[in-house]
Amino acid sequence: MPPIYIDIDDVLADTSRSLIDIAESDFDKKVPFEKLTSFDLQVSFNLSRGEYKRLMEVAHRPDQILGLEPVHEAIEALQQWVVSGYEISIVTGRPTATHATTLEWLAMHKIPFDHFFMVDKYSRPGMDTDIALSMQALSEMKFCFAIEDSYDMAVHIADKMDTPVFLFDRPWNRSPNLNNRIKRFRSWKELQHI
């Protein structure tokens, strides 16, 4: 059986709430979670290019990543799937500079997984191609289903990889145009008994 694809930020890690705190403390931008209606954080937080760059630098510091809380009930769901015989693939678009810290965060929270992949999902500058898979390489992989928060990635996985996707309901992905291979879910509890 192919493994389950699971994204990290805003799927396993409560990342956006941390970004809200950074935007407020560093740029005096007070944006409630429900107002983060664009996946593009520069747009959601109304940041200049320089402010956005700074936000990303702070967000990817080791202390910031290690301070992220897991999303409620995510670990329990993964543990249940492992017991049921599934393999877990953690797939993230984080910058490759966060590789070691991300693995440390997963270990710190005892998140079970069999495979860990960094993927150049967003064409970020500075991605180490010795670490990150290309989108083409990802597209050639097989998964029984995927869990994502990015609408664009969900469409790519469903259409290009012919893989069912569970899209974690977030303000930035509420497009009404979900295809029949993408299903929205609102909590990990909904997914525990797949």
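Numbers here are sequence positions counted from 1.
Side-chain contact check for Met135 versus Val119: some heavy-atom pair is nearer than 4.5 Å. At least one side-chain heavy atom of Ile8 sits under 4.5 Å from a side-chain heavy atom of Ile90. Looking only at side-chain heavy atoms (C-beta outward), Lys183 and Leu167 stay at 4.5 Å or farther from each other. Within the 4.5 Å cutoff, no side-chain heavy atoms of Val165 are placed close to those of Ile147. Contact annotation: the side chain of Tyr151 never approaches that of Arg174 to less than 4.5 Å [non-hydrogen atoms, C-beta and beyond]. Side-chain atoms of Pro3 and Phe143, non-hydrogen and from C-beta on, do get closer than 4.5 Å to each other. With a 4.5 Å cut-off on side-chain heavy atoms, Tyr86 and Asp114 do not count as touching.
Heavy atoms only, all atoms of each residue included: Arg181 and Asn179 are closest at N-OD1, 2.7 Å. Minimum heavy-atom separation, Leu68 to Ser18: CD2-CB, 3.5 Å. Of all the heavy atoms in Ala146 and Thr163, the pair that sits closest is N-CG2, 4.1 Å. Across all non-hydrogen atoms, the minimal contact from Leu66 to Trp105 is CD2-N, 3.8 Å. Summarising the geometry of Ala158 relative to Ile182, their closest heavy-atom pair is CB-CG1, 3.8 Å, with the distance given to 0.1 Å. Summarising the geometry of Ala74 relative to Leu12, their closest heavy-atom pair is CB-CD2, 3.8 Å, with the distance given to 0.1 Å.
Placement of Ile75 and Phe185 within a single hydrophobic cluster is found when ILVMFWY residues are connected by side-chain heavy-atom separations under 4.5 Å, directly or transitively. A single hydrophobic cluster is not seen to contain both Val91 and Met127; linkage of ILVMFWY side chains at heavy-atom distances under 4.5 Å, directly or through other members, places them apart. Hydrophobic cluster membership differs between Val43 and Val31, with clusters built from Ile, Leu, Val, Met, Phe, Trp and Tyr side chains linked at under 4.5 angstrom. Under the 4.5 Å side-chain heavy-atom criterion for Ile, Leu, Val, Met, Phe, Trp and Tyr, Met108 and Leu106 are members of the same hydrophobic cluster. Residues Ile4 and Met1 share a hydrophobic cluster, clusters being chains of Ile/Leu/Val/Met/Phe/Trp/Tyr side chains in contact below 4.5 Å.
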What's the verdict on side-chain contact (heavy atoms from CB on, under 4.5 Å) for Gln79 and Ile111, showing C-alpha distance, side-chain angles and the deciding distance?
-> CA-CA 8 Å; Gln79 289 169 338; Ile111 294 174; over 6 Å; no
Where do Leu47 and Leu55 land on the side-chain contact (heavy atoms from CB on, under 4.5 Å) test, with the steps shown first?
-> CA-CA 9 Å; Leu47 300 172; Leu55 176 74; 3.7 Å; yes
Derivation of the side-chain contact (heavy atoms from CB on, under 4.5 Å) call for Phe45 and Leu19 | CA-CA 9 Å; Phe45 287 115; Leu19 297 174; 4.1 Å; yes
Stepwise side-chain contact (heavy atoms from CB on, under 4.5 Å) test for Val155 and Lys160 = CA-CA 8 Å; Val155 170; Lys160 304 284 189 221; over 6 Å; no
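Atom NE2 of His115 has more than 12 neighbouring heavy atoms from other residues, nucleotides or ligands inside a 6.0 Å radius.
Residues satisfying the side chain to side chain contact (heavy atoms under 4.5 Å, CB included) criterion with Lys30, sequence neighbours excluded, are Glu24, Asp28. Residues passing the side-chain hydrogen bond (donor to acceptor under 3.5 Å, both in side chains) test with Asp10 are Ser16, sequence neighbours excluded.
Atom CG of Leu78 and atom CD1 of Ile88 lie 4.5 Å apart (nearest 0.5 Å). Taking CZ of Arg124 as the start and CZ of Arg94 as the end, the distance is 9.5 Å to the nearest 0.5 Å. Rounding to the nearest 0.5 angstrom, the gap separating the CD atom in Glu51 from the CG atom in Asn46 is 8.0 Å. Once rounded to the nearest 0.5 Å, the distance linking CZ of Arg170 with CZ of Arg186 reads 11.5 Å. To the nearest 0.5 Å, the span separating OG1 on Thr15 from NE2 on His60 amounts to 8.0 Å. Considering OG of Ser44 and CZ of Phe39, their distance stands at 10.0 Å, rounded to 0.5 Å.
Screening Phe117, Phe116, Phe113 for a side chain to side chain contact (heavy atoms under 4.5 Å, CB included) involving Ser89 leaves a single residue, Phe117.
Counting only N and O atoms by type, the side chains of Ser150 and His156 include no donor and acceptor under 3.5 Å apart.
For the pair Arg49 and Tyr52, the cation-pi test (distance below 6.0 Å, angle within 45°) is failed.
Between the side chain of Arg184 and the backbone N or O of Asn173, at least one donor-acceptor pair lies under 3.5 Å.
Here salt bridge (Lys or Arg N to Asp or Glu O under 4.0 Å) pairs that include residues 128-152, with residues two or more places apart or in two chains, are Lys121-Glu148.
In this structure, Phe145 has its ring center closer than 6.0 angstrom to the ring center of Trp81. Ring centers of Trp188 and Phe166: at least 6.0 Å apart, outside the cut-off.
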